[in-house]
Novice: 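What follows is a structure written as structure tokens; I'll ask about it next.
The structure displayed is predicted, hence computed values, not measured ones. Within every chain, numbering begins at 1; the chains are lettered A, B, ... in the order of the sequence lines, protein sequences first and strands thereafter.
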Protein chains: 2
Amino acid sequence: MKEGKHISLKDLACELGISISTVSRALKDSPEISGEVRLRVKALAKEWNYRPNPFAMSLLKNTPRIIGILIPDIVTHFYSSIITGIDNIARQNGYSVIITSSYDSYKAEIQCIEDLVNVRVEGIIACLSQETTDYLHFTSLEDLNIPLVFFDRICLPDVFSSVIADNIESARLATLHLLNTGSKRVAFIGGANHIEIVRQRKHGYLQALREYRIPIDKDLVFCKYMGYSEGYEGACKLLSLSNPPDAILAMTDSIAFGAMKAIKEHRLRIPDDISLIGYTDEMHSNYVDPPLTAITHQTHKMGQTVCHLLLKQIKKREKPQQIIIPTYLAVRESSVKNNQRVPPTKNTI
Amino acid sequence: MKEGKHISLKDLACELGISISTVSRALKDSPEISGEVRLRVKALAKEWNYRPNPFAMSLLKNTPRIIGILIPDIVTHFYSSIITGIDNIARQNGYSVIITSSYDSYKAEIQCIEDLVNVRVEGIIACLSQETTDYLHFTSLEDLNIPLVFFDRICLPDVFSSVIADNIESARLATLHLLNTGSKRVAFIGGANHIEIVRQRKHGYLQALREYRIPIDKDLVFCKYMGYSEGYEGACKLLSLSNPPDAILAMTDSIAFGAMKAIKEHRLRIPDDISLIGYTDEMHSNYVDPPLTAITHQTHKMGQTVCHLLLKQIKKREKPQQIIIPTYLAVRESSVKNNQRVPPTKNTI
DNA sequence: TTGAAAGCGTTACCAA
DNA sequence: TTGGTAACGCTTTCAA
């Protein structure tokens, strides 16, 4: 039984007194093997619990069937949910998944890519760190012939395929929703300007203001970093303006929660004094006080879609394409001023 | 340059007109190599971007430097946070990590273990699915000589090492806290009884009641499944009792959030009508209304500790040990009845 | 129908 | 100081 060590074809061949090649063929139902041998081989393989050695296989074929994921972190629900979607599709297609986290550090991101290349992943799915402004570590993957697909925080759309949310439109609709439900001065809290999703969402926000013929007030836009503390900081700054906003569109869930804290500390009521909308898909939006209106991502679908896109690229390199996954606005209490109640959408939970 | 394909030692050797062994030695600073050759080899390796093929290595050494993780899911903050801890330590020690999710299904769990074995992980870190009552798929790992370490939801502590929280004590202290802050009838919502942490936490809960000389009322214990809906269901049932509780100790965060929903639907005030404590370490506990008092796990430390434990077992099989990671009670608003205000602990954020 | 041998990329041992 | 060779587990010619 060879306890401990793994069983190899050689072990089986020895025991049965036949050659390794015969065993190999018998196991894969090669037509040129006698039924009797096949049965004996299979029986023993089963009894001894034989499993092909994946490293020998990878060495031989140079296709380890592993895809690499690079994300900012795994604890943010948005990312872990997308990973779940990726993982499902990968498994269905016989791939394993290996996850690396940049923790939003440019330096760590480079190391992650290096690690993934070193384990010879067949392809990579990535979401940029907030710090990243240089893409050399990604473009150099082309020389190694490792396909790369981005999601959410993307770059170089002419070079790499990507999956994103309908950022412009979602921000536009969210802003319009605020303006339609009693808010007059809508502020925007985002992240650093070099990040594509920041620009897109701000774009949608500004477009809505334009549609409403509201002059743009630069003081109402706070863009620094996407994080809880910056949400808090941004809201504090906005609230201390001589002419403060009566609504905030926060670009991420953590920003929204930070802003919420600031608003409560200022003893303002949500939504009557300040309306608030977040970008999130977390069920926690439902539990906060008041329940948070939020642009909701179809994270699972996003994950599945990126993975499909990558698998396609692995099979056959194609020119880059971009897929947009629609979001929807889950209207809860934080956005509708009380003299403006509208019936909740069916997405409200 | 060999675009596309990976560079091998052979490629370097060919180009330099020396043998493969020499290249191999030069690259790893073998003392028995002339400085001149070493330099030339290293220069070319760098220029051509040579990376050792990990599969050849794994094949040779039979130590792929991969550890497998089996968890119920990745989106629950508790698990993703633990994974982060595991991952940090694993990387520090040159290991990669591969994650599989059982989605709390026994059948899927068996498949996950099978997958991990097939990729030849050197060891496995696992947290049981809620459905699991049979451990054959784990004990059979012993025959394969693959070390296994559990965390949180564990089994067979005499066979496998494990890392757990101080479940009995934490539940005891939480219950005492409720009784000390105005609650008279404390209920417990847990999961299925075959799960060790359920039994332990219930044990701590009952012990606290005994210390307070409060007779045990079976109606106040609801144990079915650890999930949001069951938290809701349990709370509904408890609240409809002829003699309902005035406090609930929920065994997980999702149970607590479900219970919170039920309580609000019953138009009861937290904590004045019903106090509520959850088991969680999420920052979201701070955002809910009211902020949730919760037993807080040191998830990162738990992850690091399991990983260390596993690495030790990989290096040298040792007899199983159990490590207990202390929790602390973060007292917030949901547990202290208003006529009983105590100063918040320093853990309150 | 079966077996022998080469090859995938690397290391380690033995010769030179 | 170097080179040749065997070995890791498997597949795939090529021969028998």
Novice: Does any N or O in the side chain of B/S24 come within less than 3.5 Å of the main-chain N or O of B/I20, such that one atom is a donor and the other an acceptor?
Specialist: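 Not at all, since once roles are kept as given, no pair shorter than 3.5 Å links the two residues.
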Novice: Using modelled atom types only, decide if a donor and an acceptor are shared between the side chain of B/Q313 and the backbone of B/E318 within a distance under 3.5 Å.
Specialist: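 Present.
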Novice: Would you indicate what B/S8 reaches in the nucleic acid, counting non-hydrogen atoms under 4.0 angstrom: base, sugar-phosphate, or nothing?
Specialist: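 Counting heavy atoms under 4.0 Å across all strands, the contact made by B/S8 is with sugar-phosphate only.
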Novice: Would you mind telling me which of A/T132, A/T133, A/D134 makes a side chain to side chain donor-acceptor pair (under 3.5 Å) with A/Y106?
Specialist: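 Filter result, single survivor: A/D134.
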Novice: For the residue pair B/Q111 and B/D115, confirm or rule out a side-chain donor-acceptor distance under 3.5 Å.
Specialist: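 Their side chains do contain a donor-acceptor pair, which is all the 3.5 Å distance test asks for.
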Novice: Going 5' to 3' along DNA chain C, which nucleotides are the first and last within contact of chain B (any atom under 4.0 Å from a heavy atom)?
Specialist: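 The protein-touched segment is C/dC8 to C/dC13.
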Novice: Here's a test of your reading of the structure: between A/R51 and B/I18, which maps to the more 5' nucleotide of DNA chain D?
Specialist: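 The residue mapped nearer the 5' terminus is B/I18.
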Novice: Mind checking which nucleotides bracket the chain B contacts on DNA chain D, 5' to 3', with an atom under 4.0 Å from a heavy atom?
Specialist: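 That gives a stretch of D/dT1 to D/dG9.
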Novice: Could you summarise the pairing of DNA chain C as dot-bracket text, marking Watson-Crick and G-U pairs under 3.5 Å with ( ) or [ ] inside the strand and | across strands?
Specialist: ||||||||||||||||
Novice: Describe, in one word, how the ring planes of A/F160 and A/F150 are oriented to each other, choosing from parallel (under 30°), tilted (30 to 60°) and perpendicular (over 60°).
Specialist: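 Plane angle over 60°, so perpendicular.
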Novice: Does any N or O in the side chain of A/S80 come within less than 3.5 Å of the main-chain N or O of A/H77, such that one atom is a donor and the other an acceptor?
Specialist: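 At least one qualifying donor-acceptor pair exists.
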Novice: Are A/E131 and A/K107 within salt-bridge range, i.e. N to O under 4.0 Å?
Specialist: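 The answer is no: the pair does not qualify as a salt bridge.
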Novice: Side chain to side chain contact (heavy atoms under 4.5 Å, CB included), that's the test. Do B/D152 and B/I197 meet it? Break it down for me.
Specialist: CA-CA 7 Å; B/D152 199 53; B/I197 52 173; 3.8 Å; yes
Novice: Using a strict heavy-atom distance below 4.0 Å, which residues from residues 55-67 of chain B are in contact with DNA chain D?
Specialist: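 Hits under 4.0 Å, by residue number: B/L59, B/L60.
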Novice: If we check side-chain contact (heavy atoms from CB on, under 4.5 Å) with B/Y50, which of these qualifies: B/D11, B/V41, B/I7, B/V23?
Specialist: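 With B/Y50 as partner, B/D11, B/V41, B/I7, B/V23 yield a single side-chain contact (heavy atoms from CB on, under 4.5 Å), made by B/I7.
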Novice: Quick one: do the A/S129 and A/S102 side chains pair a donor with an acceptor below 3.5 Å?
Specialist: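 Checked: A/S129/A/S102 side chains show no N/O donor-acceptor pair below 3.5 Å.
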Novice: Please check: side-chain N/O of A/S19 versus main-chain N/O of A/T22, any donor-acceptor pairing under 3.5 Å?
Specialist: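 Pair found, side chain donor or acceptor close to backbone of A/T22.
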Novice: CD1/A/I69 to OG/A/S101 distance, rounded to the nearest 0.5 angstrom?
Specialist: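 The distance works out to 10.0 Å.
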Novice: Which residues satisfy the side-chain contact (heavy atoms from CB on, under 4.5 Å) test with B/A165, sequence neighbours excluded?
Specialist: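 Partners of B/A165 under the side-chain contact (heavy atoms from CB on, under 4.5 Å) test: B/N167, B/H297, B/T327.
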Novice: With DNA chain C as reference, determine whether B/Y50 or B/R25 sits nearer its 5' end, using the nearest nucleotide of each.
Specialist: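 Nearer the 5' end of the strand: B/Y50.
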Novice: Check this for me: does any side-chain nitrogen of one of B/R317 and B/E142 sit under 4.0 Å from a carboxylate oxygen of the other?
Specialist: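 No, B/R317 and B/E142 are not salt-bridged.
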Novice: Taking side-chain contact (heavy atoms from CB on, under 4.5 Å) as the criterion, tell me which of A/V121, A/N93, A/I125, A/I124 meets it with A/I67.
Specialist: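 Filter result, single survivor: A/I125.
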Novice: Which residues, if any, of residues 113-124 of chain A bring a heavy atom under 4.0 Å of DNA chain C?
Specialist: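 Those residues whose heavy atoms fall under 4.0 Å from DNA chain C, taken from residues 113-124 of chain A, amount to none.
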